[in-house]
There are 2 protein chains.
Amino acid sequence: MPDNPFPQPDADDIRLTSILRALADPGRVKMVQVLADGEYHACNVEAFGLDIQKSTLSHHFKTLREAGLTTVVIEGRSHRIALRSDELEARFPGLIASLTSESAVADLRTA
Amino acid sequence: MPDNPFPQPDADDIRLTSILRALADPGRVKMVQVLADGEYHACNVEAFGLDIQKSTLSHHFKTLREAGLTTVVIEGRSHRIALRSDELEARFPGLIASLTSESAVADLRTA
DNA sequence: CAGACGGTTTGACATGCGTCGAACTACTTT
DNA sequence: AAAGTAGTTCGACGCATGTCAAACCGTCTG
């Protein structure tokens with residue numbers, strides 16, 4: 001399937017700088033924390049509890065995906081997004097874990 | 001000592017968002033990796049191997065310090081900077097470790 | 001086939017940020 | 001006191017980014 005409409009980097013091409021830039025926005029970090037359960041989630045605003053427009057949310061999806069943090073599957077007319085947990089853990093051990101820890105989640109809740 | 005010219009947040013006030021924003025710049029991440037040895041380092045450009053002007057470096061120092069990542073001591077006419085390793089580890093366990101791991105350092109070297 | 005649905009893309013806007021050179025400040029050295 | 005040293009601060013510039021509204025596009029449903 002050439003010309004994938006939702007390109008994402010190979011596991012080996014995930015760069016630390018891209019990840020950290022993607023995580024520079026609090027909303028995106030919250031999204032990662034929500035996705036940390038390993039499940040595929042709906043791509044709507046309610047799923048992440050962020051008070052933003054859907055176009056903005058879509059922009060964040062793109063940023064996370066292109067940084068290598070997430071992957072997307074298309075099911076009919078709805079998309080589902082998930083964290084690339086295993087590949088991220090292999091590439092940068094402990095990084096995601098530290099962002100989804102108790103203290104990290106608590107800190108963002110008090111934002 | 002009121003009116004500290006180099007203010008830094010208390011350990012409890014270190015916010016995840018501030019840290020991640022500070023780490024959004026590759027140069028600053030390199031600085032953190034250099035500082036990860038726990039020692040106090042000179043505040044000059046050579047110490048970090050970054051091809052930038054000293055005013056830019058100073059700006060990065062300020063960003064790291066205000067985010068709570070670093071602390072500064074003044075010795076005569078030279079300043080020395082260090083990572084707040086223990087406080088950061090207590091606040092967000094594993095975060096700094098994941099950024100200073102073998103793979104993280106290697107990734108930034110290939111930037 | 002005509003809508004409705006779920007989400008993306010586009011274009012525009014304001015803000016933030018990295019960068020630099022030059023001026024400045026505090027301390028030391030001569 | 002004058003000059004040097006170490007680093008910060010200031011002002012300006014250009015680029016990147018978060019945000020929104022509106023248009024768009026594939027998919028499903030009546």
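Everything numeric here is computed off the predicted structure, so don't read it as measured data. Every chain is numbered from 1 and lettered A, B, ... according to where its sequence line falls, protein lines coming before strand lines.
- Comparing D:dG18, C:dC20, C:dG6 against the side chain of A:Ser78 picks out C:dG6 as the nearest.
- Using a 4.0 Å cut-off between charged nitrogen and carboxylate oxygen, A:Arg91 and B:Asp107 count as a salt-bridge pair.
- Atom C1' of nucleotide C:dG7 and atom CZ of A:Arg65 are separated by 12 Å, given to the nearest angstrom.
- If you check distances only, the side chain of B:Ser55 does reach the base of C:dG21 with a donor-acceptor pair under 3.5 Å.
- Using a 4.0 Å heavy-atom criterion, one finds that A:His60 contacts the sugar-phosphate atoms exclusively.
- Counting any heavy atom pair closer than 4.0 Å across all strands shown, B:Arg21 reaches sugar-phosphate atoms only and no base atom.
- Among the atoms of the strands shown, only primed sugar atoms or phosphate atoms (P, OP1, OP2) are found under 4.0 Å from some heavy atom of A:Arg28.
- Between A:Phe48 and the options A:Met31, A:Gln33, A:Lys30, a side chain to side chain contact (heavy atoms under 4.5 Å, CB included) holds for only A:Met31.
- Residues A:His79 and A:Phe61 keep their aromatic ring centres 6.0 Å or farther apart.
- Nearest-nucleotide positions on DNA chain D place A:His59 closer to the 5' end than the other of A:His59 and A:Gly76.
- Following rounding to the nearest Å, A:Phe61 (CZ) and C:dT8 (P) show an atom-to-atom distance of 6 Å.
- Backbone-only engagement by B:Ile52 is indicated by non-hydrogen atom pairs under 4.0 Å involving sugar-phosphate atoms exclusively.
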